[in-house]
Asks: 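Structure in structure tokens, see below.
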Number of protein chains: 2
Amino acid sequence: MDPRTELVFDKIAERLRSLADPMRLAILHLLQRGPMRVTDILAEVGGSQANVSKHLGILRQAGFVTCRREGVNVYYAVADETVFTICRAICEGIEKAAEQEREAIAQARALLETGR
Amino acid sequence: MDPRTELVFDKIAERLRSLADPMRLAILHLLQRGPMRVTDILAEVGGSQANVSKHLGILRQAGFVTCRREGVNVYYAVADETVFTICRAICEGIEKAAEQEREAIAQARALLETGR
DNA sequence: CCCAAATATTGGCAACCAATTATATTGCTG
DNA sequence: CAGCAATATAATTGGTTGCCAATATTTGGG
């Protein structure tokens, strides 16, 4: 495969990995309402301070959020709205998968009924 | 946090993880052209047969692809077009991030020039 | 029925990731 | 500048993931 193409896949995968964590998704969801201090994020998502800070660091390094210091507080904000596009697409996918599963179950049941 | 919301984030994260691998992305990219046999996928993406098979299994389990047997061959096909929406969004994000970085570098350089 | 080709599965190992605990940094206030 | 509150950064550890090698399964052909 073209090595440049391979690099692109590496980058996409890296970005997806930065996103693929429930707590990080929760944080992004929170920040959708507007910038927040770490303390407040912490209060909402729960977990240890160190952990939340680390997740914020990962999101920041990936460029999904930015932060700005105001005195003793640090405010985080969404820097890349495309994450929400991604989440919507994923959710669509989940809904489709659920529907397919429902259909499969219905078929299986029909099969059982027939065989009675 | 609402436990139901938490479950949603778990599901999204799980799905993202299934997607967050260069080889799996390469496979999906290949399959965009149409259904393919495992052997042909193998020839294009490289790597061991076992590895490709495992990645295909992960994609299948996540519902991103389906497979159908035809004699001795198994054809895989994209089952969920939303993955491409996701990839496009991610790519947009990468482009934005790159541009921001370029700007930051330009600013830093300007600062250095000024200080001469 | 046995062989060969296509595909899947398993076991082991190294790399990576996430959570925790402890420690460091930063900025305000008295 | 001492001390506190907010945040970030190690260091450790248990669990997960990816890769490889070997083995098993499935299917068509002789």
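All values derive from a computational prediction rather than experimental measurement. Chain naming here is simple, since letters A, B, ... match the order of the sequence lines and numbering starts at 1 in each. Just so you know, these numbers use all the heavy atoms, side chains as well, and skip hydrogens, waters and symmetry mates.
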Asks: Within the distance-only criterion (no hydrogens, no angle test), does the side chain of A:R69 pair as donor or acceptor with the backbone N or O of A:G71 below 3.5 angstrom?
Replies: yes
Asks: Expressed in angstrom and rounded to an integer, what is the separation of A:K54 atom NZ from C:dT20 atom C1'?
Replies: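 Interatomic distance, NZ of A:K54 to C1' of C:dT20: 10 Å.
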Asks: Nearest-Å distance, CG (A:L25) to P (C:dA18)?
Replies: 11 Å
Asks: OP1 or OP2 of C:dA19 less than 4.0 angstrom from a side-chain nitrogen or oxygen of A:H55, does that happen here?
Replies: yes
Asks: Out of C:dC17, C:dT26, C:dT7, which has the shortest distance to the side chain of A:R17?
Replies: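 In terms of side-chain proximity for A:R17, the closest of C:dC17, C:dT26, C:dT7 is C:dC17.
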Asks: Send over the distance from A:M23 CE to C:dC17 C1', rounded to a whole Å.
Replies: 14 Å
Asks: Flag yes if more than 12 heavy atoms outside B:R4 fall under 6.0 Å of its CZ atom; otherwise flag no.
Replies: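 No.
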Asks: Rounded to the nearest Å, what distance is computed from the CD atom of residue A:E14 to the P atom of nucleotide C:dC17?
Replies: 9 Å
Asks: Using a heavy-atom cut-off of under 4.0 Å over every strand shown, decide if B:Y76 touches base, sugar-phosphate, or nothing.
Replies: sugar-phosphate
Asks: Check whether any side-chain heavy atom of B:I90 sits under 4.5 Å from a side-chain heavy atom of A:T82, and report yes or no.
Replies: no
Asks: Short question: side chain of B:R60, backbone of B:A62 - any donor-acceptor pair under 3.5 Å?
Replies: no
Asks: Between C:dT9 atom P and B:R60 atom CZ, what is the distance in whole Å?
Replies: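 Result: 6 Å.
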Asks: Take the protein atom CD of B:Q49 and the nucleotide atom C1' of C:dT10, then report the distance between them rounded to whole Å.
Replies: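 That distance rounds to 13 Å.
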Asks: Please give, in whole Å, the distance from C:dC16 C1' to A:D10 CG?
Replies: 15 Å
Asks: Against the six-membered ring of A:F9, is B:R24 placed for a cation-pi contact (under 6.0 Å from the centre, within 45° of the normal)?
Replies: no
Asks: If you only use heavy atoms from C-beta on, which nucleotide in C:dA6, C:dA18, C:dT26 is closest to the side chain of A:I58?
Replies: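 Of all the options, the side chain of A:I58 is nearest to C:dA18.
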Asks: Reading DNA chain C from 5' onward, which residue's closest nucleotide shows up sooner: A:A20 or B:V72?
Replies: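 Final value for this comparison: B:V72.
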Asks: Calculate the interatomic distance between B:I41 atom CD1 and C:dT7 atom C1'; express it in whole Å.
Replies: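 Rounding to the nearest Å, CD1 of B:I41 and C1' of C:dT7 are 11 Å apart.
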Asks: Less than 4.0 angstrom from a charged side-chain N to a carboxylate O is my criterion; do B:K54 and B:D21 meet it?
Replies: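 Result for this pair is no, no salt bridge flagged.
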Asks: Quick one: are A:L56 and A:V74 in side-chain contact, heavy atoms under 4.5 Å?
Replies: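 Heavy-atom side-chain distance check fails, nothing below 4.5 Å.
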Asks: Give A:V38 one of three labels, base, sugar-phosphate or nothing, depending on what nucleic acid heavy atoms sit under 4.0 Å from its own.
Replies: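 It contacts sugar-phosphate atoms only.
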Asks: Anything under 4.0 Å to a heavy atom of chain B counts; send over the first and last such nucleotide of DNA chain D, read 5' to 3'.
Replies: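 That gives a stretch of D:dT17 to D:dG28.
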